[in-house]
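Keep in mind the model is a prediction, meaning the values are calculated, not measured.
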Amino acid sequence: MENGIKENNSISNFIVKNRIRVNGYLNTALLFFIITGPAIALGIKTDFFPDINYTTCIIISAVIAVLAAIHKILLKKIPQSIFTSVFALTALDAIIVYMACSHVNIHLTWFLVPLLSLLFVDNMIYFYSTTLNYALMFVATFFTAPYQAALNSRYENSLDFFFDRIGGFTIETLIMFAAGYTIARLAKDYFGTLFMQYETIKSHEQDMSEKLELLNSIVEIYDNVNLINFIDNTEMPLRDPEKKKRGIDMKAQTHTIMNQRIKDQVMPDQLDSFLTFTNIKTVRARLSHKKLISADFIDVVSGWFRAQYITVDSTLDGIPNKVIYTTRNVDEEKQREEHLIRLSMTDEMTRLYNRRCYEEDLEEYRLKGSPEDLVIFSIDVNGLKTVNDTKGHAAGDELIKGAADCLALSVRNFGKVYRTGGDEFMAIACVKNPEKIRDEIKKKASEWHGMYTEEMTMSIGFAQAQNYKSASIDDLERMADADMYAEKEKFYKERGIERRK
């Protein structure tokens, strides 16, 4: 329905604009017909029109001039009006009638006006022009019949001439009307088809323009955008103003020209992974039945970037025909991501790793196994509850932070330290001599002094994988805890402190 409305609107607009244009031509024709008077006067002088006088010539030119002037005014005021068109055609008919009644016998002019009316591509104007033309032809023939019959001896009276002539005019008019109507109908249908095609093309161009504008907006997001066509084996850089296609030799070429350039900036340790991901020979298979595949790599200059292959056209079997390859810098995104991961894996108070990180690391060892030199340390701060109860939580927090610093300084070169509870810490390290690490922690703890507390001690237990060949990571954790609790019992016993059960 919408297409029909568009089509009708387009044809209507064309007819209106065409009417204005044809009215302009008809006004020019009226002005040109002013020379009809002088032309007839020349015919009088040469005895071509022996029965016409010069007054008739003056009247013809004057009437045409007045009609042309009126039509000119109408053309300025209402150029698109049907009335302006009808006036011009009626004016031409009036001139022809006057010329016929003045015995200026130029019979071809009777059919000039209906012929000109076809230019308007308007059936109503054509019907009006043909009907008026025939009516005036009928009247003019009737009134000129006595004169014409007198000139021709084969007619006994004027009625014989009239019926003979009007009969011929009628047949000619009917033939002309049928032919003109067919021409007008074909012309309107032709223009209708043209405008339907025009609207389709215009709509398609608008759609393509919107898509191109959208594509250009999307292209701006990326550092590199390449359209890869697997049908004709070409690549086209969409950010290149020329958008020039380049051929891809699928037998000899493993990477597009774009990726051959990008690979020179990829971190050496990631180059093999990048070349595998961007291998043009395997992209279609890897992207089959998928909308997108992506991978992240590091540029030696600008940091992390994300490479993506996006399907834009595929076969019914899901095999990509056209693919857009993009790269975009995601270094800030990666930094935020790493920052969030660090926050989620870090204890807020001590900045050590938290229990979540500890559990994830244990899970990794469960899956991959433990190296022989792996050691799990279990650490607990002695007397934290007493400090909290007697000196306040600020003193307790100070003690926890001090313990974290001592642990981090002692273990950081060998592994990771985790705060897994209030005063509980764990450490996973790869060392040959764990006893040395324990001594180092105790040494640093003995040297520590705080604002609220002068002394810090920690109970430290450990379990080394090489001493328990068949032990799992969970077994080592339990053994380290047991060793730590043994240390704690020893500490309280030496201090003569009875532990609260």
Under 3.5 Å, is there a donor-acceptor pair between the side chain of Asn354 and the main chain of Ser344?
yes
Separation of Ile324 CD1 from Leu292 CG (nearest 0.5 Å):
11.0 Å
Could you check Ser117 against Tyr128 for side chain to side chain donor-acceptor pair (under 3.5 Å), going step by step and ending with a plain yes or no?
CA-CA 9 Å; Ser117 70; Tyr128 168 81; over 6 Å; no
Taking the side chain from Glu235 and the backbone from Ile248, do they hold a donor-acceptor pair closer than 3.5 Å?
no
Sidechain-backbone polar pair: Arg356 side chain, Met345 backbone, donor-acceptor under 3.5 Å:
no
If you count heavy atoms of other groups shown closer than 6.0 angstrom to NZ of Lys334, is the number above 12?
yes
If we ignore angles and hydrogens, is there a donor and acceptor under 3.5 Å between the side chains of Tyr353 and Asp361?
no
Report yes if some heavy atom in the side chain of Met426 is under 4.5 Å from a heavy atom in the side chain of Leu362; otherwise report no.
no
Check: Ser129 side chain, Ile125 main-chain N or O, donor-acceptor pair, under 3.5 Å:
no
I need the single residue from Thr327, Asn259, Thr326 that forms a side chain to side chain donor-acceptor pair (under 3.5 Å) with Asn224. Which is it?
Thr327
Once rounded to the nearest 0.5 Å, what's the spacing between atom OG1 of Thr234 and atom CG of Leu227?
7.0 Å
Output the distance between atom CD1 (Ile34) and atom CD1 (Ile64), rounded to the nearest 0.5 Å.
7.0 Å
Would you call Arg366-Glu363 a salt bridge at under 4.0 Å N-O?
yes
If you take all heavy atoms of Asn157 and Asp160, which pair is closest and at what distance?
OD1-N, 2.9 Å
Asp347 vs Arg355, side chain to side chain contact (heavy atoms under 4.5 Å, CB included): CA-CA, chis, key distance, verdict:
CA-CA 8 Å; Asp347 176 64; Arg355 174 168 284 281; over 6 Å; no
Could you go through the side chain to side chain contact (heavy atoms under 4.5 Å, CB included) check for Met137 and Phe111 one step at a time?
CA-CA 10 Å; Met137 185 191 301; Phe111 302 101; 4.1 Å; yes
Just by distance, do the side chain of Asn123 and the backbone of Tyr181 share a donor-acceptor pair under 3.5 Å?
no
Solution key, residues 273-280 side-chain donor-acceptor pairs under 3.5 Å, sequence neighbours excluded:
residue: Thr276; atom: OG1; partner: Asp272; partner atom: O; Å: 2.9
residue: Thr278; atom: OG1; partner: His255; partner atom: NE2; Å: 3.2
residue: Thr278; atom: OG1; partner: Phe274; partner atom: O; Å: 2.7
residue: Asn279; atom: OD1; partner: Lys281; partner atom: N; Å: 3.0

Using modelled atom types only, decide if a donor and an acceptor are shared between the side chain of Arg412 and the backbone of Gly415 within a distance under 3.5 Å.
no
Side-chain contact, heavy-atom cut-off 4.5 Å: Phe230 with Ile319?
no
Between the main-chain N or O of Asp331 and the side-chain N or O of Asn329, is there a donor-acceptor pair closer than 3.5 Å?
yes
Report yes if some heavy atom in the side chain of Phe87 is under 4.5 Å from a heavy atom in the side chain of Leu67; otherwise report no.
yes
Take atom CZ of Phe142 as the centre, draw a 6.0 Å sphere, and report whether it contains more than 12 heavy atoms from other residues, nucleotides or ligands.
no
Could you check Ile96 against Leu136 for side chain to side chain contact (heavy atoms under 4.5 Å, CB included), going step by step and ending with a plain yes or no?
CA-CA 9 Å; Ile96 294 170; Leu136 294 176; over 6 Å; no
Below 4.5 Å, heavy atoms only, C-beta onward: do Tyr25 and Leu116 meet side chain to side chain?
no
Before giving the answer on side chain to side chain contact (heavy atoms under 4.5 Å, CB included), spell out for Lys322 and Val312 the whole-Å C-alpha distance, their side-chain angles and the decisive distance to 0.1 Å.
CA-CA 6 Å; Lys322 293 181 182 178; Val312 294; 3.5 Å; yes
So which of Thr315, Ile228, Asn229, Asp232 actually passes side-chain contact (heavy atoms from CB on, under 4.5 Å) with Asn321?
Thr315
Rounded to the nearest 0.5 Å, what separation is found between the CG atom of Asp122 and the CG atom of Leu118?
11.0 Å
Taking C-beta and beyond as the side chain, do Ser314 and His289 meet within less than 4.5 Å on heavy atoms?
no
Can you classify the ring geometry of Phe297 versus Phe305 as parallel (below 30°), tilted (30 to 60°) or perpendicular (above 60°)?
tilted
How far does CD1 of Ile473 sit from CD of Glu364, to the nearest 0.5 angstrom?
10.5 Å
Is there side-chain contact between Lys290 and Thr311, with heavy atoms separated by less than 4.5 Å?
no
Keeping Tyr126 on the side-chain end and Phe177 on the backbone end, is there a donor-acceptor pair under 3.5 Å?
yes
Calculate, to the nearest 0.5 Å, the distance between atoms OG1 and CE belonging to Thr130 and Met176 respectively.
4.5 Å
Side chains of Tyr222 and Gln308, heavy atoms from C-beta outward: is any pair under 4.5 Å?
yes
Could you go through residues 68-83 and list every donor-acceptor pair under 3.5 Å that involves a side-chain atom there, pairing it with any protein atom two or more places apart or in another chain?
residue: His71; atom: ND1; partner: Asn27; partner atom: ND2; Å: 3.1
residue: His71; atom: NE2; partner: Thr84; partner atom: O; Å: 3.3
residue: Ser81; atom: OG; partner: Phe83; partner atom: N; Å: 3.1

Let me see the working for Glu477 and Tyr365 under side chain to side chain donor-acceptor pair (under 3.5 Å), right down to the final yes or no.
CA-CA 12 Å; Glu477 181 187 32; Tyr365 284 117; over 6 Å; no
Student check: side-chain heavy atoms of Glu333 and Trp304 closer than 4.5 Å:
no
Phe138: partners by ring-ring contact (aromatic ring centres under 6.0 Å, His included), with sequence neighbours left out
Phe162
